[in-house]
Amino acid sequence: MNSVRTGTFKSSLLVAIASWVVNDHAWAQTMPSPVMPPATAQPAAEGGGAAIAAVGAVVGLLVVIGIVAKLFDLKQKRESEAVQLQAQLSDALLREPSLAGLPLTPTVHVSMWKGTPATIEMMGRVPTPEVKDAVLRIVRDEAARVRSDVQIEERLSVVPTTARAA
């Protein structure tokens with residue numbers, strides 16, 4: 001009886017394995033479930049394009065920041081040159097004893113672009129035309145020592161009462 005049970009058990013085991021194998025193959029012959037196609041290169045290309053655009057934007061932003069920094073530095077340098085020239089002109093006018101006490105103001109403007117002359121605006125009041133010429137000569141000579149390219153805009157007025165006030 002034991003051998004009958006063992007034979008029955010073996011045969012039922014074989015039937016179960018066979019049905020499992022057959023059912024597995026049978027499932028393969030049924031309507032296949034929709035399979036996702038493999039990922040194409042198109043989404044990767046879009047992602048790559050976005051990355052290139054982001055890198056390009058960052059590089060462009062860095063270039064713009066660099067240009068702005070250079071322009072700011074150039075502006076500061078030109079302002080420094082203008083202040084230096086203005087201070088030297090003021091000192092030269094103060095060293096002249098005949099101009100002591102006269103309201104004279106040199107103002108210097110230096111363009112950001114190289115090659116353009118510095119503009120010296122000389123304002124104030126002088127008592128005589130001779131003093132006016134002396135002021136312009138002093139300014140011209142002192143400016144020539146510092147820069148070779150200067151333009152002088154004189155806004156000096158001759159007021160005879162200025163000598164009494166000084």
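Each residue takes its place number in the sequence, starting with 1. The analysis underlying the following values was restricted to heavy atoms, covering all of them including side chains, and did not include hydrogens, waters or symmetry mates. The shown structure was predicted, so the numbers you read here are calculated from the model rather than taken from an experiment.
Taking each heavy atom of Arg95 and Pro97 in turn, the nearest pair found is O-CD, 3.2 Å.
Contact check for Leu89 versus Val108: side-chain heavy atoms found under the 4.5 Å cut-off. With a 4.5 Å cut-off on side-chain heavy atoms, Asp133 and Arg137 do not count as touching. For the pair Leu93/Pro106, a side-chain contact is recorded, criterion being any heavy-atom separation below 4.5 Å from C-beta on. For the pair Thr119/Glu153, a side-chain contact is recorded, criterion being any heavy-atom separation below 4.5 Å from C-beta on. For the pair Met122 and Leu104, the minimum side-chain heavy-atom distance is below 4.5 Å. Between Pro117 and Val150 there is no side-chain heavy-atom pair separated by less than 4.5 Å. Using a 4.5 Å heavy-atom threshold, the side chains of Val131 and Leu156 count as separate. Residues Glu121 and His109 meet the side-chain proximity criterion, which asks for heavy atoms closer than 4.5 Å.
Hydrophobic clustering (ILVMFWY, side-chain heavy atoms < 4.5 Å, transitive): Leu136 and Val158 are in one cluster. Linking ILVMFWY side-chain heavy atoms closer than 4.5 Å, directly or via other members, places Val110 and Leu71 in two distinct hydrophobic clusters. In terms of hydrophobic clustering, with Ile, Leu, Val, Met, Phe, Trp and Tyr side chains grouped at heavy-atom distances under 4.5 Å, Val83 and Val146 are assigned to different clusters.
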Show the numbers, then the answer: is there a side chain to side chain contact (heavy atoms under 4.5 Å, CB included) between Lys132 and Thr128? CA-CA 6 Å; Lys132 178 180 177 179; Thr128 63; over 6 Å; no
Could you go through Leu85 and Glu142, starting from their C-alpha distance and side-chain angles, then the distance that decides it, and tell me whether this counts as side chain to side chain contact (heavy atoms under 4.5 Å, CB included)? CA-CA 9 Å; Leu85 179 57; Glu142 189 67 26; 6.0 Å; no
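Separating the CZ atom in Arg147 from the CD1 atom in Ile120 is a distance of 9.0 Å, to the nearest 0.5 Å. Atom CG of residue Leu102 and atom CD of residue Glu96 lie 10.5 Å apart, to the nearest 0.5 angstrom. Distance check, rounded to the nearest 0.5 Å: CG of Leu62 to CD1 of Ile67 gives 11.5 Å. Rounded to the nearest 0.5 Å, atoms OG (Ser148) and CZ (Arg145) are 14.0 Å apart. A distance of 7.5 Å separates OG1 in Thr116 from CG in Asp149, rounded to the nearest 0.5 Å. The distance from atom OG of Ser98 to atom CD of Glu130, rounded to the nearest 0.5 Å, is 11.5 Å.
Residue pairs meeting the side chain to side chain donor-acceptor pair (under 3.5 Å) criterion with at least one partner in residues 70-79, sequence neighbours excluded, are Arg78-Glu81.
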